[in-house]
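Input: a single structure, listed below in structure tokens.
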Amino acid sequence: MSSKLQSVKGMNDLLPTQSPYWQFVEQVLREIASAYAYDEIRTPILEKTALFVQSIGEQTDIVEKEMFAFEDAGGEFLCMRPENTASVVRAGVQHGLFHNTQARLWYMGPMFRRERPQKGRYRQFSQFGMEAVGWSGAEADVEVMLAGARIWKALGVKDVHLYLNSLGSDGCRTRYRTALVDFLKQHVDALDADSSRRLESNPLRILDSKNPDTQRILEDAPVITDYLDAEESAHFAQVRHLLDDARVAYTIDSSLVRGLDYYTSTVFEWKTAKLGAQNTICAGGRYDDLVERRGGQSTPACGFAMGIERLVELLIEEQNALRIKALDVWFISLDTEANQAAFRLAEKLRDTGLTVAMNHGVGKLKSQLKKADASGAQFALILGSTELEQGVVQVKPLRGQFESQNVAFDAVLELIHSR
RNA sequence: GUGAGCGUAGCUCAGCUGGUAGAGCUCCGGAUUGUGAUUCCGGCGGUCGUGGGUUCAAGCCCCAUCGUUCACCCCA
């Protein structure tokens, strides 16, 4: 037992019982991205480590301790992508996708972070994301939020709520940071260890501390939206107006800050109460400086990332039973000769779009029929020496009240399609 | 990285105050010959995560280690 090799910690196999949920979710995501006229982009899983260090931020936990990073045989520092926005921006700049133009992009695929696994958090996990690059107006912010709302509806997940905040421009954030630090320094003795450490490195992150004592202190802390300049204030107002107009409910949460340094201006999260501690299923916002920092023209942008494992868990949690398409036919053959004929006939059935499983090899009819029944197939086709001599196959309906009947090979298709 | 819970058949689990293992499901076979959901009977299947220790004796107690789950941290 213990000598058997197992999968890497936090990296899970997707088993056949789960894959229908994934296929459903992936299909919905693709359709909705397409409905908003976003185009798919796929970037490599490996990138240069520097891309994420420079984009996500040196002081973030993701970069400091959660990346699968290594030096390859050629001495290059590479890492497995911990998220995809930085790669999308890199690719867009590299190929001129944003040069004097705009782009709506979506992506989906595996990401990697070396965290301690828990519910809703894995070392390999999948994200779907939409990125609107080149628009500075609130319409882009709201468009990606509306896409989120449409996704919940299409998936049938309920009790997902939108939280909203604005981090303002660089200038706003600097002034606010100073005010926040000044305030917190008055209560430094009461702060938890993590928070007092962040006082120097990343004070905004203190806002979403889960420590109750820290939260109590923060009740009287300055609020970032009070520090927005006129332009940012108007932008945020327009975001809220468009959301109101679209009848999407939301809550302003002034403690909402994102863990990746590239965010600016509008930030948002969709949360649910049904997934335990990892309750954010989608998060995003503006990153107006990132394209320029990656070497492109100054280009505004916004987008979100969505955790697909969390979506699937939510689907299962809410017991949204999926209707899985059953087999049409389970083909039983009783000897090797019949088996050959069955192979040929099964191919013909598949040519017309039927799903056909074969019982390989020769087994007892009784046990083969049991399997046919358990498979959920509509029909069992039985071919033995008797049938073969007469050039017929027995068509046995496994559901409903129809009788079995022997029909000629050529007539099988017609009979099955007529039911 | 920190903390807590759990690790017994393929799966879900039981195993009383320590006496060298059980159920259900699955799978296979049978209840007369080539006809599926039920029922009945039988069978396959475990060095009780691993390594040490205490004991006449350990799945049960102790230590270590690995795995796993949840939470913290962080984040989708």
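In what follows, every chain begins at residue 1, and chains take the letters A, B, ... in the order their sequences are listed.
Ranked by how close their nearest RNA chain B nucleotide is to the 5' end, A:K9 and A:Y122 are led by A:K9. Both A:Q394 and A:R258 lie near RNA chain B, and the one whose nearest nucleotide falls closer to the 5' end is A:Q394.
Of the candidate nucleotides B:A37, B:U35, B:A76, B:A37 has the atom nearest to the side chain of A:D373. When distances are taken from the side chain of A:Q278 to each of B:A37, B:C73, B:U2, the shortest belongs to B:C73. In this structure, the nucleotide among B:A76, B:C72, B:G36 sitting nearest to the side chain of A:K210 is B:C72. Set against B:G36, B:U2, B:G29, the side chain of A:K364 has B:G29 as its closest nucleotide. Closest contact between the side chain of A:F125 and the listed nucleotides B:G36, B:C72, B:A76 involves B:A76. When the nucleotides B:A76, B:G67, B:G34 are ranked by their closest atom to the side chain of A:Q6, B:G67 comes out on top. Checking B:G34, B:C70, B:G67 against every side-chain atom of A:K119, the shortest atom distance belongs to B:C70. Closest to the A:L398 side chain, of the nucleotides B:A71, B:G34, B:G36, is B:G36. Out of B:A76, B:C72, B:G34, the shortest distance to the side chain of A:L365 is found at B:G34.
The side chain of A:K371 places an N or O atom within less than 4.0 Å of a non-bridging phosphate oxygen (OP1 or OP2) of B:C28. Between A:K65 and B:G1 there is no side-chain N or O to OP1 or OP2 distance below 4.0 Å. Residue A:Q118 has a polar side-chain atom (N or O) positioned under 4.0 Å from OP1 or OP2 of B:A71.
Remark: the separation of the C1' atoms in B:A9 and B:U54 is 29 Å, to the nearest Å. To the nearest whole angstrom, the two P atoms, one in B:C62 and one in B:G7, are 14 Å apart. Annotation: B:C61 and B:C27 have their P atoms spaced 36 Å apart (nearest Å). Nucleotides B:U32 and B:G15 are separated by 42 Å at their C1' atoms, to the nearest Å. A gap of 34 Å separates the P atoms of B:C73 and B:C11, to the nearest Å. If you take atom P in B:G10 and the same atom in B:G49, they sit 13 Å apart, rounded to whole Å. B:G45 sits 30 Å from B:U35 when the P atoms are compared, rounded to a whole Å.
At distances below 3.5 Å, not a single donor-acceptor pair connects side-chain atoms of A:R113 with backbone N or O atoms of A:I62.
In this structure, A:D182 does not pair ionically with A:K185, as no charged nitrogen and carboxylate oxygen lie closer than 4.0 Å. Between A:R216 and A:E219 there is no salt bridge, since no side-chain N of the basic residue sits under 4.0 Å from a carboxylate O of the acidic one.
Taken from CZ in A:R310 to OG1 in A:T280, the straight-line distance is 6.5 Å, to the nearest 0.5 Å. Here the straight-line distance linking atom CG of A:D253 with atom OG1 of A:T225 works out to 10.0 Å at 0.5 Å rounding.
Contacts of A:F379 with the nucleic acid, taken as non-hydrogen atoms under 4.0 Å apart, are absent. Nucleic acid contact class of A:A277 (heavy atoms, under 4.0 Å, all strands): sugar-phosphate only.
On a pure distance criterion of 3.5 Å, a polar donor-acceptor pair joins the side chain of A:R121 and the base of B:C73. Residue-to-nucleotide contacts include a donor-acceptor pair under 3.5 Å from the side chain of A:K396 to the base of B:U35.
Paired regions of RNA chain B, where each region holds three or more successive Watson-Crick or G-U pairs whose two hydrogen-bonding distances fall under 3.5 Å, are B:1-7 with B:66-72, B:10-13 with B:22-25, B:27-31 with B:39-43, B:49-53 with B:61-65.
Of all non-hydrogen atoms in A:L256 and A:Y163, the two that sit nearest each other are CD2-O, 3.5 Å.
A:K48 pairs by the side chain to side chain contact (heavy atoms under 4.5 Å, CB included) definition with A:E76, A:L78, not counting sequence neighbours.
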